[in-house]
Number of protein chains: 2
Amino acid sequence: MDIREVFARNLRAARQAKGLSQEELAHRADIDRTYISSLERSVYNASIDVVERLATVLDIEACELLKRPPKEMPTELDD
Amino acid sequence: MDIREVFARNLRAARQAKGLSQEELAHRADIDRTYISSLERSVYNASIDVVERLATVLDIEACELLKRPPKEMPTELDD
DNA sequence: GTGTGACTCTTAGTCCGTA
DNA sequence: GTACGGACTAAGAGTCACA
């Protein structure tokens with residue numbers, strides 16, 4: 001799984017958790033609306049300052065937006 | 001403090017903690033040596049895929065490279 | 001082993017639309 | 001409110017020679 005997909009999912013999840021629209025998030029982070037849309041569709045490799053700005057608006061650590069989701073485990077079969 | 005400075009410091013710290021030279025890190029991450037140098041001097045806002053690649057070689061989470069250091073008390077004598 | 005200026009090429013990021 | 005395209009500008013990605 002590509003890091004930009006991870007970022008895309010985390011971004012969308014965090015945004016929705018905050019109850020913000022792409023428009024509103026874009027406005028608050030001073031980023032273009034269509035670019036937010038692109039980021040959530042894994043179109044670009046965002047730079048760390050964009051990650052930082054978005055994290056600030058979303059009231060979380062930049063760090064959180066790059067965290068890979070924990071692996072779903074087949075309940076009894078571990079390798 | 002700019003996020004790219006945070007990244008620069010964390011990168012250098014993590015690299016040295018691993019006992020790697022810029023050259024060696026560059027080689028393992030398949031990145032140019034001088035580009036690593038630039039990143040450690042806060043020249044660029046690295047994109048998240050570069051952060052990811054470096055983190056992988058350094059055997060840490062991409063996340064760790066973006067963590068801001070805990071606030072120092074105002075000593076002013078620190079670099 | 002590292003810093004730096006100069007350089008090219010690619011991509012991030014903006015702004016305009018339409019659906 | 002969101003996806004997506006085209007055209008554009010700013011900045012990153014990547015390399016080199018030289019200190």
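Protein chains get the first letters and strands the later ones, always in sequence-line order, with residue 1 at the start of each.
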Rounded to whole angstroms, how far apart are [atom1] on [X] and [atom2] on [N]?
X	N	atom1	atom2	answer
Glu40(A)	dA3(D)	CD	P	7 Å
Glu23(A)	dT2(D)	CD	C1'	9 Å
Ile48(B)	dG12(D)	CD1	P	15 Å

> What ring-ring contact (aromatic ring centres under 6.0 Å, His included) pairs are there with at least one residue in residues 35-70 of chain A, not counting sequence neighbours?
Replying inline: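 Residue pairs passing ring-ring contact (aromatic ring centres under 6.0 Å, His included), neighbours aside: Tyr35(A)-Tyr44(A).
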> Which residue pairs pass the ring-ring contact (aromatic ring centres under 6.0 Å, His included) test when at least one of the two sits in residues 3-34 of chain A, sequence neighbours left out?
Replying inline: none
> Can a salt bridge be assigned to the pair Lys67(B) and Glu61(B) using a cut-off of 4.0 Å between side-chain N and carboxylate O?
Replying inline: no
>> Tell me whether Arg9(B) is salt-bridged to Glu40(B), with the criterion being a basic N under 4.0 Å from an acidic carboxylate O.
In response: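 Salt bridge between Arg9(B) and Glu40(B), a charged N being under 4.0 Å from a carboxylate O: no.
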>> Quick check: on DNA chain C, is the nucleotide nearest Gln22(B) upstream (toward 5') of the one nearest Ser47(B), or the reverse? Name the residue that is more 5'.
In response: Gln22(B)
> How is Arg4(A) classified with respect to the nucleic acid when contacts are heavy atoms under 4.0 Å: base, sugar-phosphate, or nothing?
Replying inline: nothing
> Can any side-chain N or O of Arg28(B) pair as donor or acceptor with the backbone N or O of Glu23(B) at less than 3.5 Å?
Replying inline: no
>> Going 5' to 3' along DNA chain C, which are the first and last nucleotides with any atom under 4.0 Å from a heavy atom of chain A?
In response: dA12(C) to dG17(C)
>> For the helix from dT2(C)-dA19(D) to dA19(C)-dT2(D), what angle separates the axis at the start from the axis at the finish, each from five pairs, in steps of 10°?
In response: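 Taking the rotation axis at each end, their angle is 40°.
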Can you tell me how far [atom2] of [Y] sits from [atom1] of [X], rounded to the nearest 0.5 angstrom?
X	Y	atom1	atom2	value
Ser38(A)	Ile31(A)	OG	CD1	11.5 Å
Arg4(B)	Asn45(B)	CZ	CG	4.0 Å
Leu58(B)	Leu54(B)	CG	CG	6.5 Å
Arg41(B)	Ile36(B)	CZ	CD1	11.5 Å
Asp59(B)	Glu64(B)	CG	CD	11.5 Å
Asn10(B)	Leu65(B)	CG	CG	6.0 Å

> Relative to the 5' end of DNA chain D, which residue comes earlier, Asn45(B) or Gln16(A), by the nucleotide with the nearest heavy atom?
Replying inline: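 The answer here is Gln16(A).
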> Closer than 4.0 Å, any side-chain N/O of Ser37(A) to the OP1 or OP2 of dA3(D)?
Replying inline: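 Indeed, a polar side-chain atom of Ser37(A) lies that close.
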> Does Arg15(A) put a side-chain nitrogen or oxygen below 4.0 Å from OP1 or OP2 of dG1(D)?
Replying inline: no
>> Counting only heavy atoms and a strict 4.0 angstrom limit, can you tell me which residues of residues 49-61 of chain B come near DNA chain D?
In response: Val50(B), Arg53(B)
>> Any non-hydrogen side-chain atom of Leu66(B) less than 4.5 Å from a side-chain atom of Leu66(A)?
In response: yes
Nucleotide N/O to protein N/O under 3.5 Å, stretch nucleotides 15-19 of chain D:
| unit_1 | atom_1 | unit_2 | atom_2 | d |
| --- | --- | --- | --- | --- |
| dC16(D) | N4 | Thr34(B) | OG1 | 3.2 |

> Can you find a side-chain donor-acceptor pair between Arg33(B) and Ser37(B) that sits under 3.5 Å?
Replying inline: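 On atom types as modelled, these side chains do not qualify, holding no pair under 3.5 Å.
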